[in-house]
Amino acid sequence: MAKITLQDIRHAYGPDPQREEDWALKKLSLELSDGGAYALLGPSGCGKTTLLNLISGLLAPTEGRILFDSTDVTEATPEQRNIAQVFQFPVIYDTMSVFGNLAFPLRNRGVAEKDVDARVREIAKMLELDHMLAKRASGLTADGKQKISLGRGLVRSDVNVIMFDEPLTVIDPHLKWVLRSKLKELHHRIRRTMIYVTHDQTEALTFAEKVVVMKDGQIVQIGTPIELFERPRHTFVGHFIGSPGMNVLPCVVKGGEVVFAGNPVPAANAGAYKGNGKVLELGVRPEFVSLGSDGIPVDIVKVADAGRYRIVETRHKDHSIKLLVAEGVELPAQKAHVRFDAAHTQIYEDGWMVS
Amino acid sequence: MNKTVNQKAWFFVLPVFLLVAFNALIPLMTVVNFSVQETFGDNVFFWAGVRWFEEVLHSERFHAALVRQLLFTGIILLIEIPLGLAIALSMPRKGPWVSVCLVLMALPLLIPWNVVGAMWNIFALPDIGLLGRSINALGIEYNYTRQIFSAWFTMVLMDVWHWTSLVVLLCYAGLVSIPDAYYQAAKVDGARPWAVFRYIQLPKLKYVLTIAILLRFMDSFMIYTEAVVLTGGGPGNATTFLSIDLQKIALGQFDLGPAGAMSIIYFLIILFLSWLFYTLMMKDEAR
């Protein structure tokens, strides 16, 4: 158990990084508190697996230091760091039984056979594998195999952190939900630090207490799911999280007031703008846009039914604005007016929220 | 949905049946034909029943050749399989040396068999061959044309040189196809190199090794060209393997009946042993 600190970490896979693009992971610092449930979320190729492998010790960073509590583990192997990791594709030892698989990490460390037996049975029960301990692991289904991978991470009672690298990729949709709840339940039970890498926002937001959103080798925002939803620090977070994503519209600031295509719009952070003259945008989530009798005049372009609400796509001049309308609410035929909720409308300067 | 039942599918199997008939069944039938008949020349044949089969099965000469054959195949399998595996394990996985190693390994496989025989014949000559002279210079008496042990030693060495590469290449292909996640998981689980070999690499190489063993078994059991060019079956009959003996009976003595019977027995032994190997190695999968 330990607090994990990354200090000025940078990583490149090539031998001689010169240009900015050579860095798979740009310079970043990060602190993960003991016992937390974290998710690293981002599109493919954003560096989240690299970051994970740096923490686990499968990779050594090109620059920077990694601390577990106050111990420098930058050069330590995964074994010395005492971590567990579950991979994208289930890794099982084909020739061993389920029991043998679960006991493997303990036996490698010379744990007495009596303790191995007790510990394996305890974990197997937790994962509902106890009725198949004698079975050969190679005969199991994908989710069974992934449970074994997970079990191998859990058998050691002293691991510092358990890491998951997109562990549900090969699992059937209806079992994904089951395994995800299982993970969440396990975290509550054992309170071990867990880091979960995924590109699926649902997985990240349901599992984690804190989500680290990454893009192009950089951390864009760290926050609770609610923070990411209500106050995305970057337009990318607004786009990437939420379905549909945040409306991002061009705007200007005139005399302390935000103006979008000739319409004044109240924004929560308008007062913080210093007038640097860079690209300005305003962001508002479809959830915080409503129809009204006055406001910005729009044409309704498309209506998609999503069950309990409808996604309404509207157009003002050349700009598309999406909003959510609850079911049962009457929609105007074509012409309408929309209003933005001032508390949840933010302006962004070069992509970053003005603050 | 109902399946249509008719016999049209046979029509599609016909071309391949004809092909197999021409390149395997018909030649085999001529051998079967010889094996049950007796001839005294002039292309006149008499029915002999299973007489030749009985004769071959009771022949001391056949027994001796069979024992030599089994011994030879056993020795080269015991050397080539572990050696090939060890070389494949120590080859680099990436970088510029990969291609260098692969080309070096493939070279012996590209040399025609009779050239291999001729090369080793000269290489091992005690008076002018590099190998033969060197061994003698060390004070060890070595002459593969006179001493049985020397002849066997040279024969085994030649086969190991020629064919270990095949095992190496097969194992290497199997090794590089193991996903990285397995090695990473093993690191996380704290597995020692031996455990990685025993629980990851060896199980993943199972099929590849089965193929390697089968190929080397069948090939070495039928060894002819290299052995004939190297020793001609000598000294005496010390390296007269089944194929060499068969050739002597069929074309040397022109005893077509016994040669035909021996061919069939030879073929059945290979078939049986291949089946046995395969069944034993795949035994676990059935469970």
Side-chain angles (χ1 to χ4, degrees), chain A residues 15 49 52-53 55-59 76-97 100-111 135-139 145-146 148-156 159-167 169-170, chain B residues 81-82 85-86 88-89 92-100 170-213 277-287:
Chain A
T49 298
L52 191 77
N53 288 343
I55 299 174
S56 66
L58 291 169
L59 284 175
T77 63
E79 200 197 338
Q80 290 162 339
R81 293 185 195 197
N82 205 9
I83 53 101
Q85 188 163 357
V86 179
F87 297 88
Q88 189 168 9
F89 296 98
V91 173
I92 52 146
Y93 303 105
D94 292 339
T95 49
M96 295 185 202
S97 65
N101 263 275
L102 293 177
F104 193 58
L106 296 174
R107 286 180 176 156
N108 282 330
R109 286 170 174 79
V111 175
K135 252 176 109 169
R136 252 177 71 150
S138 58
K145 287 180 180 174
Q146 200 59 306
I148 294 180
S149 301
L150 174 60
R152 281 206 316 272
L154 296 171
V155 280
R156 285 179 284 139
V159 287
N160 284 316
V161 51
I162 305 173
M163 291 185 269
F164 304 90
D165 189 357
E166 308 201 13
T169 310
V170 292
Chain B
I81 298 296
L85 187 57
L89 281 169
R93 296 289 148 77
K94 45 184 168 237
W97 288 103
V98 171
S99 6
V100 176
L170 283 170
C171 288
Y172 186 74
L175 279 174
V176 294
S177 71
I178 301 176
D180 267 350
Y182 279 86
Y183 296 110
Q184 295 178 335
K187 260 193 217 167
V188 170
D189 290 337
R192 308 270 155 252
W194 166 252
V196 172
F197 173 71
R198 169 69 185 78
Y199 297 113
I200 296 175
Q201 290 170 324
L202 206 54
K204 294 277 168 211
L205 286 180
K206 187 175 168 183
Y207 293 102
V208 162
L209 277 175
T210 307
I211 297 291
I213 290 175
F277 271 130
Y278 188 81
T279 316
L280 287 179
M281 293 206 59
M282 291 294 137
K283 199 178 60 182
D284 285 352
E285 296 309 299
R287 271 199 282 136

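Note on naming: letters A, B, ... go to the chains in the order of the sequence lines (proteins, then strands), and numbering restarts at 1 for each one. Side-chain atoms are counted along with the backbone in the values below, which use heavy atoms only and exclude waters and symmetry mates.
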Interface residue of largest heavy-atom contact number with chain B, from A:Asn53, A:Asp94, A:Leu58, under 4.5 Å: A:Leu58
Minimum-distance pair of heavy atoms, taken over all atoms of A:Tyr93 and B:Tyr199: CD2-O, 4.0 Å
side-chain contact (heavy atoms from CB on, under 4.5 Å) assessment of B:Gln184 paired with A:Val91: CA-CA 10 Å; B:Gln184 295 178 335; A:Val91 173; over 6 Å; no
From CD1 (A:Ile92) to CD1 (B:Ile200), nearest 0.5 Å: 11.0 Å
Chain A interface, residue from B:Ala186, B:Pro179, B:Ala181, B:Pro203 that has the most non-hydrogen pairs under 4.5 Å: B:Ala181
Verdict with reasoning, A:Thr77 to B:Lys187, per side-chain contact (heavy atoms from CB on, under 4.5 Å): CA-CA 8 Å; A:Thr77 63; B:Lys187 260 193 217 167; over 6 Å; no
Shortest non-hydrogen separation from B:Tyr182 to A:Pro90 and the atoms involved: OH-O, 4.0 Å
Nearest non-hydrogen partners of A:Asn108 and B:Asp189, listed with the distance: ND2-O, 3.1 Å
Minimum side-chain heavy-atom gap B:Val188-A:Arg152 below 4.5 Å: no
Chain B contact via A:Arg156 - which portion, at a heavy-atom distance below 4.5 Å: side chain
